[in-house]
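Here's the structure we're looking at; comments come further down.
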Amino acid sequence: MNTQVLGVTHKVDGSFKVDVSRGERIGRVSSEWFSRPDDERFLSLNELARTVRARAESSSTRNIESESIRVEASRGDPERLTLILPGAEAPVAPTHWSFGQLASLVGAPAAYLRQLPASLAGINLQYGLATHRAEQLKTLETGDGRIELRAVTGPDYGRIYDHELIEAVQRIAGNGTGDTRWKVPGVLDWSTGVYNPRVDITKDTTTLYASDRDVFIFLVDDLNPIEAGKLPDGSPDLYFRGFYCWNSEVGAKTLGIASFYLRAVCQNRNLWGVEDFEEITIRHSKYAASRFAHEAAPDLLNFANSSPMPFINRIKASRERIVARIDEDRTEFLRRRGFSRAETAKIIDTVLIEEGRPPQSIFDFVQGITAVARDKTHQDARLDMEAKAKKMLDRAA
């Protein structure tokens, strides 16, 4: 089997035909795309970096005694609470997020407190702070005209600022707009099955997001598709590399990086034909910053600069390894790996329909399994099938 990294000369605009019936479908980026308003969408990494860096530069963090915090109902607005922090020159206004964090830390139900008049909510919150057993809290305060409390966490919270993740991405992706090989993805044309990597970056197509709580970035190397085998019609089976990453400097989520190979991205930013998915997550614990510097950031750099040959060779090995030639062998192969009778029959039928022949190689079975997994309505069942497929592919290498 010939394997090669292809250029962008398939068509004048660099577009190429793909088969998205293979591999996994991942909807994480699509969920972000659907939920982000326009003011959380950015057209370049430079623009995104400036925004998150500016808010970090105007922020300060400190540990304080919980019992030293005073809660007050605003005189001008009886429905609004403010906090008097030790040493602060003016009251601090909690955000919706930090109010929920503070309530959770002292064991008060935030949803219930929000329904109360501010004076009553303040009394309950003040009592919780006075009896807080952990005693210390870590605050993240931002001064932008008025002082705002963006986050309240435990004293050992290991903050990784959003701009630190963006800057790590910029070291490999520049502006994220095509000045390096890493860029905002193109779009699949469902009517033709052709993927076009050259699409204008707009508020509707961008995959660079940030809110007051988090950041999320998705970039691909889709101008350099990789051939790893042939489709049933003899055309190349093409992939390209991609990754997405996320973080929350206010404690709304972990830091994470996911890398993979994929065949296409559609208009609503679903990832199609995904293979070789790997993910690392880092909780914001005491040593989170060290783990990011010594583990996550280098992993991202290594993936960006790595050769695709290990991936290509693994796909090649899985295609060449024949594990079943008759129906009994196919059934036994799947049943011994934990698939039910119904799942076994559906996997074999799926390959028969898509390939025009029953499964024979490891690759055939993996494609059949991931296709059936996409139809699973329960996430745990889908992830279990995808994990079995990945394990099968790993052992074939």
Side-chain angles (χ1 to χ4, degrees), residues 1 3 6 10-11 15-30 185-197 220 222 225-242 260-277 308 311-312 314-324 330 333-334 339 342-377 379 381-390 392-393 396:
M1 182 186 73
T3 57
L6 300 176
H10 313 293
K11 295 187 178 181
S15 59
F16 47 90
K17 186 89 170 177
V18 292
D19 181 4
V20 296
S21 68
R22 297 163 174 257
E24 301 176 38
R25 180 188 68 82
I26 293 179
R28 172 69 188 276
V29 181
S30 183
V187 173
L188 171 68
D189 184 341
W190 282 106
S191 66
T192 61
V194 170
Y195 178 79
N196 178 17
V220 296
D222 57 2
I226 300 160
E227 179 183 343
K230 302 291 185 182
L231 299 175
D233 65 359
S235 58
D237 190 5
L238 298 177
Y239 305 79
F240 51 89
R241 295 184 297 169
F260 40 84
Y261 289 81
L262 70 163
R263 293 174 173 91
V265 183
C266 65
Q267 188 173 13
N268 63 4
R269 293 346 212 172
N270 273 307
L271 314 185
W272 294 91
V274 176
E275 309 276 4
D276 214 34
F277 183 91
F311 168 74
I312 292 173
R314 189 159 64 141
I315 295 295
K316 179 180 179 180
S318 70
R319 289 179 183 273
E320 293 177 343
R321 186 174 172 188
I322 304 300
V323 293
R330 295 178 187 101
F333 179 79
L334 291 170
F339 294 98
E343 290 171 339
T344 294
K346 192 169 184 180
I347 292 167
I348 293 172
D349 288 345
T350 298
V351 177
L352 184 59
I353 292 169
E354 293 185 355
E355 301 291 330
R357 57 173 176 76
Q360 295 181 330
S361 67
I362 291 288
F363 185 82
D364 294 338
F365 283 104
V366 167
Q367 298 305 308
I369 293 166
T370 53
V372 172
R374 286 198 297 267
D375 295 331
K376 292 287 186 181
T377 55
Q379 184 180 26
R382 176 176 61 80
L383 293 176
D384 179 63
M385 290 193 76
E386 290 173 351
K388 290 176 180 176
K390 185 177 185 303
M392 197 180 297
L393 196 59

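In this chain, residues are counted from 1 in sequence order.
When the side chain to side chain contact (heavy atoms under 4.5 Å, CB included) test is applied to I353, no partner is found at least two apart in sequence or on another chain. Listed by chain and number, the residues in a side chain to side chain contact (heavy atoms under 4.5 Å, CB included) with D349 amount to none (sequence neighbours excluded). S191 pairs by the side chain to side chain donor-acceptor pair (under 3.5 Å) definition with D189, not counting sequence neighbours. Scanning for ring-ring contact (aromatic ring centres under 6.0 Å, His included) contacts around Y261 gives F311, with sequence neighbours left out. By the ring-ring contact (aromatic ring centres under 6.0 Å, His included) test, F365 is found to be paired with F333, residues two or more places apart in sequence or in another chain being considered. In terms of the ring-ring contact (aromatic ring centres under 6.0 Å, His included) criterion, residue partners of Y195 (sequence neighbours excluded) are, by chain and number, F16, F240. Listed by chain and residue number, nothing satisfies the side chain to side chain donor-acceptor pair (under 3.5 Å) test with S30 (two or more places apart in sequence, or in another chain). Residues passing the side chain to side chain contact (heavy atoms under 4.5 Å, CB included) test with T350 are K346, E354, A371, V372, sequence neighbours excluded. Qualifying side chain to side chain contact (heavy atoms under 4.5 Å, CB included) partners for V351, counting only residues two or more places apart in sequence or in other chains: E355, P359, D364. With sequence neighbours excluded, the residues satisfying side chain to side chain donor-acceptor pair (under 3.5 Å) with Q367 are E275.
The two residues A228 and R319 come nearest to each other via the heavy atoms O-NH2, 3.1 Å.
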Pairs under 3.5 angstrom only: tabulate donor-acceptor contacts from the side chains of residues 266-274 to other protein residues two or more places apart or in another chain.
unit_1	atom_1	unit_2	atom_2	d
N268	OD1	N270	ND2	3.3
R269	NE	T205	O	3.3
R269	NH1	G186	O	2.9
R269	NH1	C266	O	3.3
R269	NH2	P185	O	3.0
R269	NH2	T205	O	2.8
N270	OD1	R25	NH1	2.9

